[in-house]
Structures are given as structure tokens and as C-alpha cells.
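Have a look at the structure below before the remarks.
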Amino acid sequence: MQRARAIFAPEGATWSPTGARFTWPSGATLAFRHLDRDADADGYQGHAYSRVYVEELTQFADPRAVDKLKATLRSAEGAAVGFRATCNPGGPGHAWVKARYIDAGAGRIMREAYLSPFDGARRSLSRLFIPARLTDNPALLANDPDYVARLAQTGSAALVKAWLEGDWNIVEGAFFDAWSVRNVVRPFAVPPDWTRFRAFDWGFAAPFSVGWWCVASDEIPVEGGRIVPRGALVRYREWYGAGGLRLTAEEVAAGILSRESGDRIAYGVADPSIFREDGGPSIGERMRRAGVSFRPADNTRVGKAGAQSGWDQMRARIGGHDGAPMLYVFDTCRDFIRTVPVLQHDPARPEDLDTAAEDHAADEARYACSSRPMAARAVAPDPWRDRWDARRPVNGWKTA
């Protein structure tokens, strides 16, 4: 605020602490406001602004609260309106910000066409990503040459690299830290004798996720000279209900049937919550009547002492054995690839995933992995190791 006063006061702007705003002699105002949840955005309904600025956009786990503010961008007098935001790589909203603004490339104007409901004219809205790196601020580097060294002390090497170079492909603190390009494969013809099944995470207003999986009965070579090992899970198709589709259980069931036509599905697993009855047939029952059956999935997120959870199973499959993953995703499963690798740990419960982020595809994949537990690898007998582990005397020496 001190910096803002230093910039705006010479222009004649006055600061109002009670209204948290600057006002210029022309009547123009710049107000500072709080936005944390959807409910905060609801408080601005009916307002009219020519600019909305959001600081640290990636701190929003999803875009809903921010997008609601765009309804306030209007001008009866015809003033140009626009939305501006700043952010760094990382944070709970990394995935959606990267998909919306970053992936198209720096300096490339992206346009979304729409048909005006009033005059039938075709119009478009545009967005643009403008990167800003440390090297774009030579004055700072010249006057404070130790800044980079201090920055390196604030986080991991991956995070510092993301900050310094603006690298959005680096994920700091990822829950699935073993995920890499090794887990993504180009689509191949799934052998007809492989077991196929589906997993489902329900959502009505929130996104739902349907994943079609198969179990590799034998090793199979894939593009790039790699081998998908026997026993691996392969996610070969997805249907992600993003954008508030608000489909009924029957409509989702019809969409599933149309997409898996010709597949021989051995079984389906889904979030146990869809089987709860509340004064009528459950979502699971309604889908069964529409021709799509599921059984309740193991919904254990975090295992108790000595027990493996669904996340444990999923992480173990992603990492795999000897450099070969036991979980693969076709590169056509774009929403899985967009959301799952960037998910973070829950800050209050590090062994769990942060549910404030877009975790629908991850939950569905967890159900799939829990339905096909990966057996622990057999360890060759070693009498010396076994005796040591049993804390027995070895040649007169006792273990510590």
C-alpha cells in the first residue's frame, strides 16, 4: 500500500482507508477487495467494473470464483473492459491456469468464438500469456546481484527453477512425485483377451470422471522402444464431465454405454457414495437400471498402520519396478494428464491429497488401482540378511 500511495498520490489520487480504495479527480476509482471462495464472488453481483485484476491466480484451486467476477466486466458507456492476472508456477491452481493460459504458448493470442444471442453475430473473446522472467528485470540483477542466491534458499531446486525460468512443466511438491513421461503412451490396439473395466467418480455440478482401464496379460511393445509389462494397468479412454455438465445419472449412463460400445467390460467400480439412498433410488441403482452397473470401490484414502491405501497402490503403480511403470495412460486422456500430475499434498494431512484441487480423475484412478492390488515383489532368500533382520547373533556379533 505504501508503494501504491507513492505511485498514485502524485497523480492526484486520494486514499480512503474505510473504503480501501483510491479515487482520482476524474472520478475513477481503484478498489482493493478480498476473494477466497465462491461466496465472496457472489457479493459482487450487479457491480460494473472496467478492469478486474487478480494477484497470484494459481492460489485459486479452481477458476469458479474468479470466473464469476468476469460478469462484473461491463460498461454502459462503452469503455474498454478487461481481465488481468499475475501468478507464478505452482500452487493449487497450477493445472487449470497452465491449461487455460500457458499451454498455447507465450505471445500467442487465443480466441474463443461465440454466437451473440441478441443479433446472431459471431464474436470472440481473447486471452494472452505474457511471460515475465527474472532476466527481464536487469536493473534488479545489477543492483542486487545476490537476489538469485537468496531466492534459491526459499524452496526446492525444482521450484526455484520454475520461478527463475518460468518453467510450468516443473511441479513442486507433487503428490505423485514419481509421475513422468514414462507413464504416458501413444494409443495402441488393446488385445481382445485383456481384461477391461471402468472406474467412476460421480459429479453433478462438479466434474465427474469415467476411466476405461485394461490389464496387460502379456508384455507388449509400444512406441519409443518401451515395453508395457505384464500386470500393468493401462487407461485407454476417458470421459471427463468438466464445465458443469449437470447430467443426470441416466444421462451419464447413456454416455458411458455409447463410448464403450463394442468393449467387453468385466466390471465397474465407483465411489461408494453413489450407492447411498436418500428417499429414493440411489445414483448407482438409477445407473444400473439404465444399463451400467458398478460395485462399490475401496475408498480408503490413507491406510492405517501396516495397511496399504488406494493412494499407496496408485503411487506404487506409477513408480513401478526397475524403471518400468505399472500404470500407463494413453496420451488421449488429456484431462487425466492435465490434472493428476500437478496435485499436491494436503497441508494439514501430508499423507493425503489436497482435495481442494481438481482431484476427480485421481479419485477414479485410485478406485481402479484398489480394484487390482499390485502384489509385492518376491525377494530372493538371503540367510545373512534374514538372520540380521531377526536380530540373531551372527559369528559371535550381535546386531545393534
Side-chain angles (χ1 to χ4, degrees), residues 1-88 91-93 95-132 204-207 241-246 358:
M1 299 312 301
Q2 289 178 344
R3 178 62 177 154
R5 291 190 185 97
I7 294 173
F8 300 142
E11 298 181 352
T14 57
W15 169 250
S16 170
T18 55
R21 72 175 67 219
F22 287 98
T23 303
W24 276 259
S26 65
T29 62
L30 177 62
F32 294 80
R33 295 293 182 264
H34 174 78
L35 181 69
D36 185 39
R37 302 181 304 273
D38 282 6
D40 298 327
D42 292 339
Y44 300 104
Q45 288 185 8
H47 292 207
Y49 302 110
S50 58
R51 287 286 189 276
V52 169
Y53 301 92
V54 175
E55 181 79 289
E56 293 299 345
L57 189 62
T58 47
Q59 294 307 305
F60 293 88
D62 65 65
R64 286 177 295 182
V66 173
D67 286 347
K68 281 186 178 181
L69 290 184
K70 293 181 179 178
T72 68
L73 287 168
R74 56 198 176 111
S75 172
E77 290 76 24
V81 300
F83 173 83
R84 308 286 186 269
T86 66
C87 61
N88 284 296
W96 74 263
V97 172
K98 181 176 182 291
R100 179 178 292 188
Y101 298 103
I102 313 301
D103 288 344
R108 179 185 173 189
I109 297 177
M110 296 167 283
R111 298 191 181 277
E112 291 184 4
Y114 69 95
L115 200 64
S116 172
F118 302 106
D119 56 11
R122 184 170 294 276
R123 307 182 189 280
S124 67
L125 294 174
S126 62
R127 61 181 184 268
L128 172 67
F129 164 49
I130 304 173
F204 178 67
L245 294 181
R246 305 180 74 86
E358 197 174 349

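Nothing here was measured: the structure is a model prediction, and the numbers come from that model.
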Over all heavy atoms of both residues, which pair between Ser75 and Val81 is shortest? Give the atoms and the distance, please. CB-CG1, 4.2 Å

Rounded to the nearest 0.5 Å, what's the gap from NZ on Lys68 to CG on Asp42? Could you check? 3.5 Å

Closest non-hydrogen atoms of Ala61 and Trp96, given as atom of the first, atom of the second and distance, are O-CD1, 3.4 Å

Counting C-beta onward and ignoring hydrogens, is there a side-chain heavy-atom pair between Leu35 and Phe60 closer than 4.5 Å? yes

Looking at His47, is its backbone amide N or carbonyl O close enough to the side chain of Arg74 to form a donor-acceptor pair, meaning the two atoms are under 3.5 Å apart? yes

Just verifying a value: how many Å separate Ile109 CD1 and Arg127 CZ, rounded to the nearest 0.5 Å? 12.0 Å

Measuring only between side-chain heavy atoms, which start at C-beta, is Phe129 closer than 4.5 Å to Arg108? no

Has Thr29 got a side-chain atom pairing as donor or acceptor with Ala31's backbone, closer than 3.5 angstrom? no

Separation between CD1 of Ile7 and CD of Gln2, rounded to the nearest 0.5 Å: 12.5 Å

So Phe22 and Trp24, would you call those rings parallel, tilted or perpendicular, with 30° and 60° as cut-offs? tilted

How close do Cys87 and Glu56 get, counting heavy atoms only, and between which atoms? CA-OE1, 3.7 Å

Note: Met1 and Phe32 closest approach over all heavy atoms is CE-CE1, 4.0 Å

What I'd like to find out is whether the side chain of Leu69 reaches to under 4.5 Å of the side chain of Phe83, using heavy atoms alone. no

Would you check if the side chain of Ser16 reaches a backbone N or O of Arg21 as a donor-acceptor pair within less than 3.5 Å? no

Looking at NZ of Lys70 and CG of Leu125, how far apart are the two atoms once the value is rounded to the nearest 0.5 Å? 8.5 Å

Could you tell me whether Arg64 and Asp67 have a side-chain N and a carboxylate O separated by less than 4.0 Å? no

Taking every non-hydrogen atom, the tightest pair across Ala85 and Leu57: CB-CD2, 3.9 Å

Tell me the closest heavy-atom pair linking Gly19 and Arg33, and the distance in Å. O-NH1, 3.0 Å

Is there a side-chain contact between Tyr53 and Thr86, using heavy atoms and a 4.5 Å cut-off? no

State the OG1-CZ distance between Thr23 and Phe8, to the nearest 0.5 angstrom. 12.0 Å

